[in-house]
Number of protein chains: 2
Amino acid sequence: MTMEDGTSKSPGYCGDTDGDYDVLQWDTREDCEVRQILDRIADKWSLLVIALLDQRSLRFTELRRAIDGISQRMLARTLRHLERDGLVSRTVHPVVPPRVDYELTPLGASLHHTIRALVTWTEQHQNDIATARSAYDVRVAVEQETTEREAAERDALARDVLSGRR
Amino acid sequence: MTMEDGTSKSPGYCGDTDGDYDVLQWDTREDCEVRQILDRIADKWSLLVIALLDQRSLRFTELRRAIDGISQRMLARTLRHLERDGLVSRTVHPVVPPRVDYELTPLGASLHHTIRALVTWTEQHQNDIATARSAYDVRVAVEQETTEREAAERDALARDVLSGRR
DNA sequence: CAGTATCCGCTACGATACTG
DNA sequence: CAGTATCGTAGCGGATACTG
């Protein structure tokens with residue numbers, strides 16, 4: 001048992017800020033819950049697993065097949081993490097070919113609700129973002145172009161001067 | 001200019017799923033917008049920057065001081081990303097000591113609204129999560145203990161048998 | 001079937017140094 | 001002040017092999 005990585009055991013409890021929403025309180029250096037949850041939902045697979053389990057309970061291999069691209073290791077790891085955080089429950093059926101079912105806990109389901117708001121936002125604004133990106137890239141490309149041209153002109157001028165041609 | 005990393009230029013446009021909320025559509029292998037936005041808001045600093053800029057416009061060094069722990073490099077990178085995505089606007093004032101102001105765009109502000117829901121959720125459930133984690137850790141520790149003890153007992157028995165004592 | 005153990009590459013991030 | 005360039009490192013995630 002190597003513990004490997006994951007959240008440490010001492011949560012570094014981050015002070016009850018009942019005074020509402022102090023930016024520097026809910027996410028700063030000390031490992032606050034907010035950071036940890038955010039890291040969880042944003043890691044490569046958790047969100048997908050949560051979304052799938054929201055529909056119905058699934059077993060390990062069902063998830064594996066449903067996700068396509070996930071390695072056995074990452075699925076196991078992801079599920080362990082979610083289980084530890086109380087977002088997913090794991091029930092082992094003691095039968096001959098082992099059968100393990102995973103399902104969202106109420107906590108996990110409520111998180112999924114919140115997450116959907118974010119997904120919805122993204123869906124609604126993906127065009128805005130795509131546009132912004134294109135515009136930005138063009139802007140950068142153009143000013144890159146100009147600086148290079150200016151440099152070239154400076155060089156040319158310098159050469160002319162040195163060769164006494166000007 | 002090395003481009004370094006970040007989102008590729010071809011967004012890999014991920015199909016208008018107006019049929020609502022197909023899990024496998026909004027987050028799968030192809031780099032969908034959802035994944036990219038999620039990665040952005042979940043990366044180590046973006047969220048903090050957005051939250052700070054929601055209060056008022058800030059300059060580079062103000063952000064640097066406000067965040068405490070962020071490196072110059074990461075702040076610059078984070079701001080470039082946010083700017084590219086159209087979440088933050090950057091205005092350069094051509095004065096002697098250069099002055100650059102950053103502020104949330106309407107798009108960025110609307111994202112911040114959505115994000116707050118998530119932060120709120122986390123604040124409300126951090127105790128549930130902490131409890132779940134403790135319970136899980138205990139459960140694991142206990143069953144670790146038992147398996148070890150059982151192994152020890154098996155070994156002891158085996159030794160007894162081999163030495164003809166039993 | 002449902003995992004764990006091991007190895008290993010990649011890149012995100014931090015520290016440092018330099019520039020307009 | 002507001003950055004970029006460069007280098008070094010840690011940990012996430014993939015591939016593979018093995019177990020109850």
Side-chain angles (χ1 to χ4, degrees), chain A residues 1-8 29 31 35-36 38-49 57-83 88 90-102 140 143-144 147 150-151 154, chain B residues 1-8 29 31 35-36 39-40 42-46 48-49 58-83 88 90-102 140 143-144 147 150-151 154:
Chain A
M1 211 259 198
T2 3
M3 202 18 143
E4 194 167 352
D5 52 339
T7 53
S8 94
R29 231 49 341 271
D31 31 8
R35 248 279 66 85
Q36 307 204 355
L38 213 57
D39 289 346
R40 185 104 318 143
I41 71 117
D43 75 8
K44 208 172 178 188
W45 306 108
S46 297
L47 190 55
L48 211 29
V49 170
S57 147
L58 291 171
R59 14 190 329 194
F60 190 88
T61 313
E62 287 178 321
L63 280 168
R64 188 156 164 44
R65 266 195 297 270
I67 294 184
D68 161 86
I70 195 171
S71 64
Q72 211 169 14
R73 178 178 179 267
M74 286 317 294
L75 180 54
R77 259 180 62 100
T78 302
L79 288 169
R80 285 307 84 79
H81 284 325
L82 294 174
E83 190 194 355
V88 158
R90 173 174 178 270
T91 54
V92 187
H93 301 93
V95 291
V96 190
R99 177 198 178 91
V100 180
D101 278 298
Y102 292 94
V140 169
E143 72 187 38
Q144 173 107 6
T147 44
E150 284 171 359
R154 267 203 317 282
Chain B
M1 213 266 198
T2 3
M3 200 22 139
E4 194 165 354
D5 52 339
T7 54
S8 93
R29 229 52 339 274
D31 30 10
R35 248 279 66 84
Q36 307 205 355
D39 288 347
R40 184 104 319 139
D43 77 7
K44 209 171 177 187
W45 306 108
S46 296
L48 211 31
V49 170
L58 291 171
R59 12 190 331 194
F60 190 88
T61 312
E62 286 178 322
L63 280 168
R64 188 156 165 45
R65 266 195 296 269
I67 293 182
D68 162 84
I70 195 171
S71 64
Q72 210 169 14
R73 177 177 179 268
M74 286 317 294
L75 180 54
R77 261 180 62 99
T78 303
L79 288 169
R80 284 308 83 77
H81 285 326
L82 293 174
E83 189 195 355
V88 158
R90 173 174 178 271
T91 54
V92 188
H93 301 92
V95 290
V96 189
R99 177 196 177 92
V100 180
D101 278 299
Y102 292 94
V140 169
E143 73 187 39
Q144 173 107 5
T147 44
E150 284 171 358
R154 268 202 317 281

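Convention: sequence-line order gives letters A, B, ...; per-chain numbering from 1.
- Looking at A/D101 and A/H93, their side chains come closer than 4.5 Å, going by heavy atoms from C-beta outward.
- One atom, CG of B/D68, and another, C1' of C/dG14, lie 14 Å apart when rounded to the nearest Å.
- Each of A/W45, A/F60, A/Y102 was checked for a side chain to side chain contact (heavy atoms under 4.5 Å, CB included) with A/L75, and the lone residue meeting it is A/F60.
- The two residues A/R35 and B/K44 have their closest heavy-atom pair at NH1-O, 3.3 Å.
- At least one side-chain heavy atom of A/V49 sits under 4.5 Å from a side-chain heavy atom of A/L79.
- The CZ atom of B/R77 sits 5.0 Å away from the CE atom of B/M74 when rounded to the nearest 0.5 Å.
- With rounding to whole Å, A/E143 atom CD is found 10 Å from D/dT4 atom P.
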Requested in this report: Quick one: do B/R40 and B/L82 satisfy side chain to side chain contact (heavy atoms under 4.5 Å, CB included)? Show the steps, please.
Outcome: CA-CA 8 Å; B/R40 184 104 319 139; B/L82 293 174; 4.1 Å; yes
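- For C/dG3, the OP1/OP2 oxygens have no side-chain nitrogen or oxygen of A/R64 closer than 4.0 Å.
- For B/K44 and C/dA15, the NZ to P distance is 9 Å, given to the nearest whole Å.
- Picking from D/dG13, D/dC1, D/dG3 the nucleotide with the shortest atom distance to the side chain of A/M74 gives D/dG13.
- Note: CG (B/L75) to P (C/dT16) measures 18 Å, nearest angstrom.
- No donor-acceptor pair under 3.5 Å is formed between the side chain of A/T61 and the backbone N or O of A/R64.
- No side-chain donor-acceptor contact under 3.5 Å links A/S46 to the backbone of A/I41.
- Residues A/R59 and A/E62 are not paired through a salt bridge, judged by the lack of any N-O separation under 4.0 Å between the basic side chain and the carboxylate.
- Between A/I70 atom CD1 and C/dA2 atom P there is a gap of 14 Å when expressed in whole angstrom units.
- In DNA chain D, stems built from 3 or more consecutive Watson-Crick or G-U wobble pairs, each with both distances under 3.5 Å, span C:1-20 with D:1-20.
- Side-chain atoms of B/R73 and base atoms of D/dG3 include no donor and acceptor less than 3.5 Å apart.
- Using a 4.0 Å cut-off, no side-chain N or O of A/S71 falls inside it from OP1 or OP2 of D/dG13.
- A 4.5 Å side-chain heavy-atom check between A/L48 and A/T78 finds every atom pair outside the cut-off.
- Between the P atom of C/dG3 and the NE2 atom of A/H93 lies a distance of 13 Å, rounded to the nearest Å.
- A residue-by-residue look at A/D43 and B/E62 shows that B/E62 has its nearest nucleotide of DNA chain D further toward the 5' end.
- Nearest to the side chain of A/R59, among C/dC1, C/dG14, D/dG13, sits C/dC1.
- Here the nucleotide nearest the side chain of A/T61, chosen from C/dA2, D/dC1, D/dG3, is C/dA2.
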Do any N or O atoms of the protein come closer than 3.5 Å to N or O atoms of nucleotides 18-20 of chain C, and which pairs are they?
none

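- Following rounding to the nearest Å, B/R90 (CZ) and D/dT4 (C1') show an atom-to-atom distance of 12 Å.
- One interatomic measurement links the two molecules: CZ of A/R80 to P of C/dA5, which rounds to 12 Å at whole-angstrom precision.
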